[in-house]
Novice: 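The following block contains the structure, expressed as structure tokens.
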Amino acid sequence: RYLLAVGTLEPRKGLEPLIRALALPQTGDIPLLIVGPEGWGDVNVASIAADAGVAADRVRAVGYLSDADLAVALSRATAFVFPSLAEGFGLPVLEAMSLGTPVIHSDDAAVAEVAGEAGVTVERNDPAGYPERIADAIGQLLGDDTLRERLGLLGVDRSHAFSWTTSAEKVWQLHADL
């Protein structure tokens, strides 16, 4: 059992509120693995965890993973958490969904559009309360096997809407209509 987050270690990815959420009782003692390279903004996962009172062994930044290793990590995760504050698309959400992993994500417009109704959406409107809302979503998912299973199935279905084949067919049809 573990949570997985993917993204460059930078402020806009929302990793700090996610780590702070782990200090709240709703999340139990489930660990968090973070996959992604270091970025700008001096996001130090260990320092954030220590400051939040989260045990050092519950949060681990593993850096870059090959596509094959990332697929294994995503498919075995209890849930994928994508708390991003600003995104252009949200490809990691689709990757997790395509593997049947239930997803918790921010309400960033691009991410919410990608996820549709196949994930648990967490509002970012009140930054001070964002960690608690993330913790509530994690607790909800951890405590409900049926919800996790349902979101896994919905996610697989949703991911099919973003296939290269579907995209190519839509572009082809657009040109045919012109």
Novice: Mind checking whether E95 and L91 have side chains closer than 4.5 Å, heavy atoms only?
Specialist: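 Side chain of E95 against side chain of L91, heavy atoms only: contact under 4.5 Å found.
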
Novice: With heavy-atom distances below 4.5 Å as the criterion, would you say the side chains of I104 and L3 are in contact?
Specialist: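 They are not in side-chain contact.
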
Novice: Do the side chains of E132 and Q26 get nearer than 4.5 Å, heavy atoms only?
Specialist: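 Counting from C-beta outward, Q26 and E132 do come under 4.5 Å.
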
Novice: Quick one: closest heavy-atom pair of E123 and Y130, and the distance?
Specialist: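 Closest heavy-atom pair between E123 and Y130: O-CD1, 3.2 Å.
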
Novice: With side chains defined as the heavy atoms from C-beta onward, is the minimum distance between R150 and D144 less than 4.5 Å?
Specialist: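 No, side chains not in contact.
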
Novice: Using 0.5 Å steps for rounding, measure from the CD atom of E169 to the CG atom of L174.
Specialist: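 Spacing of CD (E169) from CG (L174) equals 13.5 Å.
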
Novice: State, to 0.1 Å, how close S98 and V156 come at their nearest heavy-atom pair, and which atoms those are.
Specialist: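 Nearest pair, atom of S98 first, then V156: O-CG2, 4.0 Å.
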
Novice: What pair of heavy atoms forms the shortest contact from T8 to K13, and how long is it?
Specialist: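 Heavy atoms of T8 and K13 come nearest at O-CG, 3.1 Å.
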
Novice: For residues G63 and V35, report the shortest heavy-atom separation together with the two atoms involved.
Specialist: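 Minimum heavy-atom contact is O-CG1, 3.4 Å.
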
Novice: Is any NZ, NE, NH1 or NH2 atom of the basic residue among D136 and R133 found under 4.0 Å from an Asp or Glu carboxylate oxygen of the other?
Specialist: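 The answer is no: the pair does not qualify as a salt bridge.
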
Novice: Do side-chain atoms of S84 reach the backbone of R12 as a donor and acceptor pair under 3.5 angstrom?
Specialist: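 It does hold such a pair.
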
Novice: Quick one: are F162 and M97 in side-chain contact, heavy atoms under 4.5 Å?
Specialist: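 Contact flag for F162/M97 side chains = no.
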
Novice: So if I apply the side chain to side chain contact (heavy atoms under 4.5 Å, CB included) rule between L32 and each of V81, V45, L22, which one comes out positive?
Specialist: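 By the side chain to side chain contact (heavy atoms under 4.5 Å, CB included) criterion, L32 pairs with just one of V81, V45, L22: L22.
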
Novice: Do L15 and I48 come within less than 4.5 Å of each other through their side chains, counting heavy atoms only?
Specialist: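 With C-beta onward as the side chain, the pair stays apart.
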
Novice: Supply the atom-to-atom distance E113 CD to D108 CG, rounded to the nearest 0.5 angstrom.
Specialist: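 One gets 10.5 Å once the value is rounded to the nearest 0.5 Å.
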
Novice: Grouping I, L, V, M, F, W and Y whenever their side-chain heavy atoms are under 4.5 Å apart, do V62 and V72 come out in a common cluster?
Specialist: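 No, it is not one cluster - the side chains of V62 and V72 are not joined through contacts under 4.5 Å.
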
Novice: Is there side-chain contact between L99 and F80, with at least one heavy-atom pair below 4.5 Å?
Specialist: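 Result no, sub-4.5 Å side-chain heavy-atom pair not found.
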
Novice: Rounded to the nearest 0.5 Å, how far apart are CD of Q173 and CG of L178?
Specialist: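 Separation between the atoms: 10.0 Å.
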
Novice: Could you tell me the separation between the CG atom of L74 and the CG atom of L33, rounded to the nearest 0.5 Å?
Specialist: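 These two atoms lie 10.5 Å from each other.
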
Novice: Apply side-chain contact (heavy atoms from CB on, under 4.5 Å) to the pair T121 and H105, showing each step before the final yes or no.
Specialist: CA-CA 5 Å; T121 305; H105 60 86; 3.0 Å; yes

Novice: Between the side chain of D107 and the main-chain N/O of R124, is any donor-acceptor distance below 3.5 Å?
Specialist: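 Between the backbone of R124 and the side chain of D107 there is a qualifying donor-acceptor contact (under 3.5 Å).
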
Novice: Determine yes or no for a side-chain-to-main-chain donor-acceptor pair under 3.5 angstrom, with R158 supplying the side chain and E117 the backbone.
Specialist: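 Pair absent, no side-chain N/O of R158 close to backbone of E117.
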
Novice: What are the two closest heavy atoms between A5 and L18, and how far apart are they?
Specialist: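 Closest approach of A5 to L18: CB-CD2, 3.8 Å.
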
Novice: So, for P102 and L151, which heavy atoms are closest and what is the spacing to 0.1 Å?
Specialist: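 Smallest interatomic distance, heavy atoms only, reads CB-CB, 4.0 Å.
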
Novice: If you look only at pairs with a residue in residues 38-58, which of them pass as a side-chain hydrogen bond (donor to acceptor under 3.5 Å, both in side chains), with sequence neighbours excluded?
Specialist: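 Found E10-W40, R20-D51, T27-R58, N44-S47.
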
Novice: Is the shortest side-chain heavy-atom distance between F89 and L94 below 4.5 Å?
Specialist: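 Result yes, sub-4.5 Å side-chain heavy-atom pair found.
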
Novice: Decide if atom CG of D67 counts as having more than 12 heavy atoms of other residues, nucleotides or ligands within a radius under 6.0 Å.
Specialist: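 Open: at most 12 neighbouring heavy atoms sit under 6.0 Å from CG of D67.
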
Novice: Quick check against the 3.5 Å criterion: does S167 have a side-chain atom that pairs as donor or acceptor with the backbone of S163?
Specialist: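 Pair found, side chain donor or acceptor close to backbone of S163.
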
